[in-house]
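Note: hydrogens, waters and symmetry copies are ignored here, and every other heavy atom, side chains too, is used. Just so you know, ligand 1 is whichever comes first in the structure, and atom 1 is the first atom listed for that ligand.
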Amino acid sequence: MDRPRTDIVLGLLREPDGRVWTEVRPDGKHLAGLRAFPGGKRRAGEALRDALARELDEEIGIRVQRARRVITLNWDYPDRHLRLIGFEVTRWTGQPRSAEGQQLAAEPLDRDARADWLAAMPPANRGLVNALVLPRCLAITPPVGADGVTAWQAGVESRLPSLPAPMLVNLRPGDAANADLPWPALARAVLAAGHWPVVNPPGDRPWPEGLDPRVGLHLNHARLLSMSDHAVRDRQARGHLVSAAVHDRATLERAIELAVDLITVSPLRETATHPGASGMGWAAFAGLAAAAPMPVYALGGVGPDDLPRIWRRGGFGVASISAFW
Ligand SMILES: Nc1nc2c([nH]c(=O)n2[C@H]2C[C@H](O)[C@@H](COP(=O)(O)OP(=O)(O)OP(=O)(O)O)O2)c(=O)[nH]1
């Protein structure tokens, strides 16, 4: 993990209508024929933003005016070790054109187009594509209480319309929920409110079958350890987003092996729902985030006000029960 890496700066150019620009990698280049974001190698001594401006000028003839760093990920190819640094570019001058003969196109990228984008791009780009479509906030439901599943479902459904959309909503009944959960109805309610549902059955119970591909699937600790690579790939191939709960290096390594789409990293601080579990703190969080090739959501005693701090530590978003419920 500490090997020398070549920095690659990438421009994720988003038009006001949501379309994003990509190019086809030219013949003779690494990853020829695959769709990729414009960009290239940072030169020695060059600042990242200067490298981005130079590459986008040379490659597609635009001058960057507004860019925000959205994700940084390490990726190892057999013959090269890269650090891919993705900047979302939302304002530029000049019309993107192919300065080097490569095919260029701007196409819609949203939750529904995500699976087609992933299929057309190198596996390294999964984290970049996800960083362009995922919301920054992830609301986890409180667990099923003593009044049972029906009351829990009613409580969840009544809160959904007032959550600022769009948000990821992790439907987590908790390990005490023994009854069968009404997953399709819950997921439909989340979708209808404009959010992105992620189902999280109790314990090591399997994911429900036959869900709408717009519904994400969560690997809690038990499933992260027991689920096969094949089962995860199969669900991702059907379009489902897969998230995972990471607590340390070992669970991060497993999440990387499974190529999940996002992770929560917890506990950052001690919380009311997990009393006694001491928090890992910001330094440990930053260490895990730096090694993660996917968007990282901080969880445990943090809320939306902590987002700037999370970004400074290499995280992408915030997950919480109490901040949203
Ligand atoms: N431009 C670009 N490169 C990507 C993406 N995803 C990804 O893994 N890469 C890899 C491919 C290359 O190994 C590296 C980009 O380097 P580059 O385009 O400057 O260099 P290259 O190897 O194509 O060309 P050269 O300078 O060696 O002739 O990053 C992506 O979306 N866009």
What protein heavy atom sits nearest [atom], and how far away is it?
atom	value
atom 9 (N) of ligand 1	Leu31 CD1, 3.8 Å
atom 25 (P) of ligand 1	Lys41 NZ, 3.3 Å
atom 22 (O) of ligand 1	Arg80 NH1, 3.3 Å
atom 13 (O) of ligand 1	His30 ND1, 2.5 Å
atom 16 (O) of ligand 1	Ile8 CD1, 3.7 Å

Is it the case that over 12 heavy atoms from other parts of the model lie below 6.0 angstrom from the [atom1] atom of [X]?
X	atom1	answer
Asp17	CG	yes
Arg91	CZ	no
Asp27	CG	no
His221	NE2	no
Gln103	CD	no

Going by the atom numbers of ligand 1, which of them fall below 4.0 Å from some non-hydrogen atom of [X]?
X	answer
Gly40	19 (O)
Phe37	1 (N), 2 (C), 30 (C), 31 (O), 32 (N)
Ala36	30 (C), 31 (O), 32 (N)
Lys29	23 (O), 24 (O)

Is there any N or O on Asn125 that sits under 3.5 Å from an N or O of ligand 1?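 The answer is yes, given that Asn125 and ligand 1 share an N or O pair closer than 3.5 Å.
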
Query raised in the report: Does any N or O atom in Leu82 lie less than 3.5 angstrom from one in ligand 1, N or O only?
Result: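 No, Leu82 has no N/O under 3.5 Å of an N/O on ligand 1.
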
*Is the cationic atom of Arg68 (NZ for Lys, CZ for Arg) positioned less than 6.0 Å from the six-membered ring centroid of Trp311 and within 45 degrees of its normal?*
yes

Would you call Arg235 and Glu209 a salt bridge, using N to O less than 4.0 angstrom? yes

| Is any side-chain N of the basic residue among Asp261 and Arg114 closer than 4.0 Å to the acidic one's carboxylate O? |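 Yes, Asp261 and Arg114 are salt-bridged.
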
Which segment of [X] sits under 4.0 Å of ligand 1 when only heavy atoms are counted:
X	answer
Tyr77	side chain
Met121	neither
Ala124	side chain

So, do Arg205 and Asp180 sit near enough that their side-chain heavy atoms are less than 4.5 Å apart?
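The answer is yes; the side chains approach within 4.5 Å.
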
Review point. Does ligand 1 have an atom that lies less than 4.0 angstrom from a heavy atom of Arg25?
Key: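 True for this residue.
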
Looking only at side-chain N and O atoms, does Arg14 offer a donor or acceptor that is under 3.5 Å from a partner on Thr90?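 Judged by distance alone, the side chains do not pair up.
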
